[in-house]
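Ligands are counted one by one from 1 in listed order, and the atoms in each one are counted from 1 as well.
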Amino acid sequence: MRASSLLLLALLASCSSSEPASSGDGFVDTDLPKAADKNADPRVLEVSLEAKVAPHGFVTGVTTNAAWTYDGMIPGPLLDAKVGDRMIVHFKNSLPEPTTIHWHGIRLPAAMDGTMMMQKPIAPGATFDYDFTFKDAGLFWYHPHMQSDVQVHSGLYGAIRVRGTAEPEVEREEILVLDDLTLAKDGSIEQYLDDESKMMGRGGDTLLVNGLANRTFKWRPGSRVRLRLVNAANGRFFNLALAGHTFHVIGSDAGLIPQPYDADHVLIAPGERWDVIVVPQGTGKLTLMTDPYDRGHDSGKMPPAPVASIELTGDPMTPKPLPTSFPAFDALPDRPTDQTLVFNEKAVPDGFIFTINDKTYPDVPPIDIPKGEMRAFEIKNDAEMDHPFHLHGFFFDVVAANGTPVSPVRRKDTVIVPKKSSIKLVARFDEPGSWMYHCHILEHAENGMAGEIHVK
Ligand code: C2O
Ligand code: CU
C-alpha cells in the first residue's frame with residue numbers, strides 16, 4: 001500500500017464518529033458489529049436498516065434459516081452515536097408481516113416512537129424513515145412495537161449506544177444484549193405457547209448473549225471491564241453474578257448515576273439496562289451466572305444457569321481506580337399521587353389476561369396530561385408476579401417503594417414493580433403526543449397490560 005493511502009486510512013480512522021470517549025491506551029471496544037454511517041457529517045448518524053428473515057446460529061454449529069433479523073444479524077447492528085447527534089434510519093421491512101421500530105428509552109418526538117397510535121404499520125416491502133436527535137447519553141435499544149411478543153422473541157432487537165461527554169475511563173467495554181429461548185431440533189426458535197410461557201413470557205433454557213449461547217469473552221486480569229447490559233428477553237429476569245467478584249454499578253436506563261455502588265448481583269428485568277464495571281481477577285476461566293430470583297409463580301426454584309464464559313488472558317494489570325461519582329441530576333420533587341394504576345392478572349378460558357385497574361388495553365382509559373406538567377403515578381402490583389413497568393418518551397424518578405421514600409432517587413424508563421407491592425414515580429410530560437406505558441413482559445403487554453398517556 002502506498003504511503004498516501006495509508007495516510008488517508010489513518011485520517012479516516014481518526015475522524016470516525018464512533019471513536020469511544022473513554023479510549024485510554026489499549027482501550028478495547030465491544031465487537032458488536034456497528035451500522036455503517038453513510039453521512040459525512042460527524043454529528044449525523046445515517047444508516048440503512050432492513051428487517052428480514054435470514055440464517056442465524058443461536059448455538060455454534062446449528063443454523064436456522066428462519067431467524068427474524070435486522071440486517072441479517074441478532075442482535076441487529078449497534079447504532080453508535082454521541083449525545084446531541086442526529087440519527088436518520090432508512091428502514092425497510094422485508095419481513096412477511098407489518099412491523100414498526102420503537103426506540104426504547106429515547107426521548108424523541110412522538111411521531112418517531114414506533115407505536116400504533118403514532119404511525120401506521122410498515123407493510124411488507126414498505127419503507128419508513130426515522131429521524132431524531134439524541135438528547136441523552138446511555139445505552140438504549142430498538143425493537144418492533146407490533147406483535148412484539150412474537151417479533152422480539154424471533155430476534156428483532158438491537159442496541160443503541162449514545163456516548164456522553166464524560167465517560168468513565170476503562171480498559172474494555174462490552175455491550176451484552178441478553179435473551180433466552182427454546183430451540184427446536186432444526187435450530188429454529190420454538191414459538192409454542194404453553195400456559196407457562198403465556199404467564200411468564202416466552203423463553204427457555206438456551207441463554208443468549210449477543211445472539212449466541214455459550215459465548216466466551218476474553219478479558220485481561222486486573223483490567224476495568226465496563227459491561228453495558230440490556231435485557232431483550234420477553235419474560236426472563238437475569239440475576240447476574242460472577243463468583244468472587246463485585247459489580248461496580250455506574251449507570252442504568254437514564255445513563256450514569258451520581259453515586260456508583262458495589263453489588264454482588266445485578267438484577268435486570270426485560271427492557272431495563274444496567275451499566276457496571278467489573279475487574280476480573282485470577283487465572284483460567286470465570287462463568288457469568290444468572291442466579292435464582294423469585295419473580296412469582298415458583299420461578300425462584302429455577303436452578304442457577306451459565307450465561308457466558310470469561311477467559312482470562314494477558315499479563316495481569318495493577319487495578320486502576322474506579323469512578324466514585326458522576327454529575328448529579330435534579331430529581332423531580334415528590335408530590336401527592338395523581339393516578340393509581342393497579343396491575344393484576346386473571347385466568348380466562350384460553351389463557352390469562354393482564355389488567356390495569358381491572359381493564360385490558362385498549363379499554364384502559366387514556367390519561368390526559370397538559371404539556372409540561374408533572375404527574376405522580378402509583379403503580380400498585382396486586383398480582384402474584386413482578387411486572388417491569390415501562391413508560392415511553394420520558395424518564396421518571398422512582399421516589400417511593402411501598403410508601404417509603406427511595407434514596408437516592410433512581411431515574412429510569414423501566415422499573416420492576418415486585419409482586420404484592422407498589423412503586424411511586426414522578427415524571428414531567430414535556431413532549432406532546434400519545435405515549436404508551438406497559439409491562440415489558442411482552443405477553444402481558446399484548447394481553448392487556450398497557451395504557452396510553454395523551455400529552456397536549
Ligand atoms: Cu421496549 Cu413499549 O417498549
Ligand atoms: Cu407483566
Side-chain heavy atoms of W103 within contact of M87, under 4.5 Å: yes

- prompt: Which of the N/O/S atoms in H387 sits closest to the Cu ion (ligand 2)?
  reply: ND1

task: Restricting to N/O/S, name the atom of H444 that gets closest to the Cu ion (ligand 2).
output: ND1

query: Of all the N, O or S atoms in H104, which one sits nearest to atom 1 (Cu) of ligand 1?
result: ND1

Specify whether an N/O/S atom of [X] falls short of 2.8 Å from atom 2 (Cu) of ligand 1.
{"X": "H438", "answer": "yes"}
{"X": "H102", "answer": "no"}
{"X": "H145", "answer": "yes"}

Carboxylate-amine/guanidinium contact [X] [Y], below 4.0 Å:
{"X": "R86", "Y": "D131", "answer": "yes"}
{"X": "D29", "Y": "R161", "answer": "yes"}
{"X": "K198", "Y": "E446", "answer": "no"}
{"X": "D413", "Y": "R273", "answer": "yes"}

message: I'd like the atom name of the N/O/S atom in H392 lying closest to atom 2 (Cu) of ligand 1.
response: NE2

- prompt: Using a distance-only test with no angle check, is there a side-chain donor-acceptor pair under 3.5 angstrom linking K52 and T69?
  reply: no

- prompt: Any N/O/S atom of H440 sitting less than 2.8 Å from the Cu ion (ligand 2), backbone or side chain?
  reply: no

